[in-house]
Amino acid sequence: MNMNQRKSSTNDIALRIATAMHQMGIDALPRNYELVYEAYAGANPDLVREFVALGKFKTQASLDELGRKYLPHHHEEGVLQRSAGAVRDEMANFMALLQQEEISLSDYGRLIGEASQAISADSPESSSALGLSIERLRQATEQQATRNAAMAASVAAQSENMDAIQRDLASFEATKFADAATGLGNRRAFNKAVAKVYAHPELPVSCGLAIVDVDVSKRFSPAQSEALNDYLIRHYGALVKRATPATDVVSRFDGLRFGFLFYTSDENEIVRLLAMLRSAFAAAPLRHPETTRNLGCLTFSAGVCMVDGIGNAFDLVTFAEKALQQAQSAGGNRLVVHRGGNDGGPDGKDWMLYKNG
């Protein structure tokens, strides 16, 4: 596909999304556009189901609730504002408690002073005054003990509230970079990890980037793929997660396309790891989610680019994508490693790893 064709395709998609939004009465906000796009793309089946469940005409409040769940990066400012407001309320409550405690201690100190004066007095009237003062001090002591217990309970409750706010923020931060369908990282998480490779451009982290696309179309028709979409995503997402070393990065981009960042400079090691993934695919045949009928196994195509000689994150991803396209154009079920400089040429090494004999 040439540049003009890609531009035309992008414009067509944008027009379809804009038309759908207009028909449903959805405001043309950036966060709404991405939400509708994700729903129409179908990469996240849960999002699609909940989007459809909103009905024909969707309120902005219901769209934002869905967006906070699946596209939280658009709602980060609101979440932070709510958290900041909650913290301010907790601090105000705590300051009010301290002020109440200060007044209570002041009154208690005054009663202690009166009791001390009564004890020191030598007059005959001091006996009755002492008894009255001691009784007041006893009552004040009981009240102070009760207030102290209430104060401790209030402080503990506020501490729990602050912990809950902190957990919510941590959970929100995690959802920004998580793929809800598989539990893997999402494309934003992958882009963030790749950017860190070039934190020091003159000395990038030694690694290799791989993009893997499951060869669904070789086994299933478009209608079958759509019907099995949820199951396929969960099945292969789990396999990819189990087969990837914990020290490396793996994310789901969309559909059944995954990105890997292997922290090794050894190309053969990456080839070995992908061969292990291929074995995992072969050892876990698909079962129809309703009939449990054996559906066989799927293969995958992969494109790899090593960081050596690649000057930036964009090129690293682009060349891996080009290698993947070469693998798919050659019939799929194979791995291609990018070769050549930064000119973006088609040169690559076809490992033919997955060609069935």
Side-chain angles (χ1 to χ4, degrees), residues 43-44 72-73 173-215 233 236-281 299-328 334-342 344 348-351 353-354:
N44 189 326
H73 56 289
E173 186 67 18
T175 60
K176 289 196 304 182
F177 302 105
D179 173 57
T182 62
L184 298 169
N186 58 19
R187 186 62 186 258
R188 285 186 295 276
F190 193 76
N191 290 344
K192 184 177 180 180
V194 175
K196 287 182 178 179
V197 170
Y198 291 91
H200 302 287
E202 69 284 355
L203 189 62
V205 177
S206 294
C207 63
L209 187 149
I211 300 178
V212 166
D213 203 358
V214 181
D215 298 319
I233 289 174
Y236 287 110
L239 286 181
V240 166
K241 189 173 185 178
R242 288 198 299 269
T244 305
T247 53
D248 297 322
V249 174
V250 58
S251 298
R252 184 174 80 98
F253 291 177
D254 52 52
L256 286 167
R257 179 170 291 202
F258 301 89
F260 298 77
L261 197 59
F262 296 108
Y263 292 108
T264 175
S265 59
D266 186 349
E267 179 182 301
N268 291 318
E269 174 63 9
I270 292 176
V271 172
R272 185 187 70 82
L273 290 171
L274 291 175
M276 290 177 60
L277 179 61
R278 184 254 185 174
S279 297
F281 272 42
T299 59
F300 64 78
S301 301
V304 173
C305 184
M306 304 302 295
V307 77
D308 294 341
I310 307 299
N312 57 72
F314 178 82
D315 285 345
L316 184 64
V317 175
T318 298
F319 293 144
E321 290 275 10
K322 287 180 180 294
L324 172 62
Q325 291 171 11
Q326 185 177 339
Q328 292 173 322
R334 67 190 65 205
L335 179 152
V336 173
V337 180
H338 169 76
R339 288 288 183 271
N342 292 352
K349 179 179 180 181
D350 185 351
W351 283 83
L353 281 180
Y354 310 141

Less than 4.5 Å apart, side chain to side chain, heavy atoms only: is that true for [X] and [Y]?
X      : Y      : value
Leu261 : Asp248 : no
Thr247 : Tyr263 : no
Thr318 : Lys322 : yes
Val212 : Leu274 : yes
Phe300 : Leu256 : no
Val240 : Arg252 : no

field: side-chain contact (heavy atoms from CB on, under 4.5 Å) between Leu335 and Val304, worked out
entry: CA-CA 8 Å; Leu335 179 152; Val304 173; 4.1 Å; yes
Taking all non-hydrogen atoms of both residues, which atom of [X] and which atom of [Y] are closest, and how far apart?
X      : Y      : result
Ala323 : Gly303 : CB-CA, 3.7 Å
Met306 : Ile310 : O-CG1, 3.3 Å
Ala181 : Ile233 : CB-CG2, 3.9 Å
Leu209 : Ile211 : CD2-CG1, 3.8 Å
Ala313 : Val194 : CB-CG1, 3.5 Å
Asp179 : Gly185 : CB-O, 3.7 Å

message: Test of understanding: with ring pair (Phe, Tyr, Trp, His ring centres under 6.0 Å), list the residues that count as partners of Phe190, not counting sequence neighbours.
response: Phe253
message: Applying side-chain contact (heavy atoms from CB on, under 4.5 Å), can you list everything that pairs with Ser279, at least two apart in sequence or on another chain?
response: none
query: Can you list the residues that meet the side-chain contact (heavy atoms from CB on, under 4.5 Å) rule with Asn191, with sequence neighbours excluded?
result: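 side-chain contact (heavy atoms from CB on, under 4.5 Å) check on Asn191 returns Arg187.
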Rounded at 0.5 Å granularity, tell me how far [atom1] in [X] sits from [atom2] in [Y].
X      : Y      : atom1 : atom2 : value
Cys305 : Glu267 : SG    : CD    : 10.0 Å
Cys207 : Asp308 : SG    : CG    : 9.0 Å
Leu277 : Thr244 : CG    : OG1   : 6.5 Å
Glu321 : Leu316 : CD    : CG    : 11.0 Å
Thr299 : Arg334 : OG1   : CZ    : 10.0 Å

task: Evaluate the criterion side-chain contact (heavy atoms from CB on, under 4.5 Å) for residue pair Leu324 and Ser301; output intermediate values, then yes/no.
output: CA-CA 7 Å; Leu324 172 62; Ser301 301; 3.9 Å; yes
Those residues that, when tested against Thr264, pass side chain to side chain donor-acceptor pair (under 3.5 Å) (two or more places apart):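 Thr264: no side chain to side chain donor-acceptor pair (under 3.5 Å) contacts found.
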Plane angle bin for Phe319 and His338 - parallel if under 30°, tilted between 30 and 60°, otherwise perpendicular: parallel
- prompt: Is the Phe260 ring parallel, tilted or perpendicular to the Phe262 ring (thresholds 30°, 60°)?
  reply: parallel
query: Tell me the side chain to side chain donor-acceptor pair (under 3.5 Å) pairs involving residues 197-207, sequence neighbours left out?
result: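 Listed by first then second residue: nothing to list.
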task: Would you please name every residue forming a salt bridge (Lys or Arg N to Asp or Glu O under 4.0 Å) with Asp213, sequence neighbours left out?
output: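 So Asp213 forms a salt bridge (Lys or Arg N to Asp or Glu O under 4.0 Å) with Arg257.
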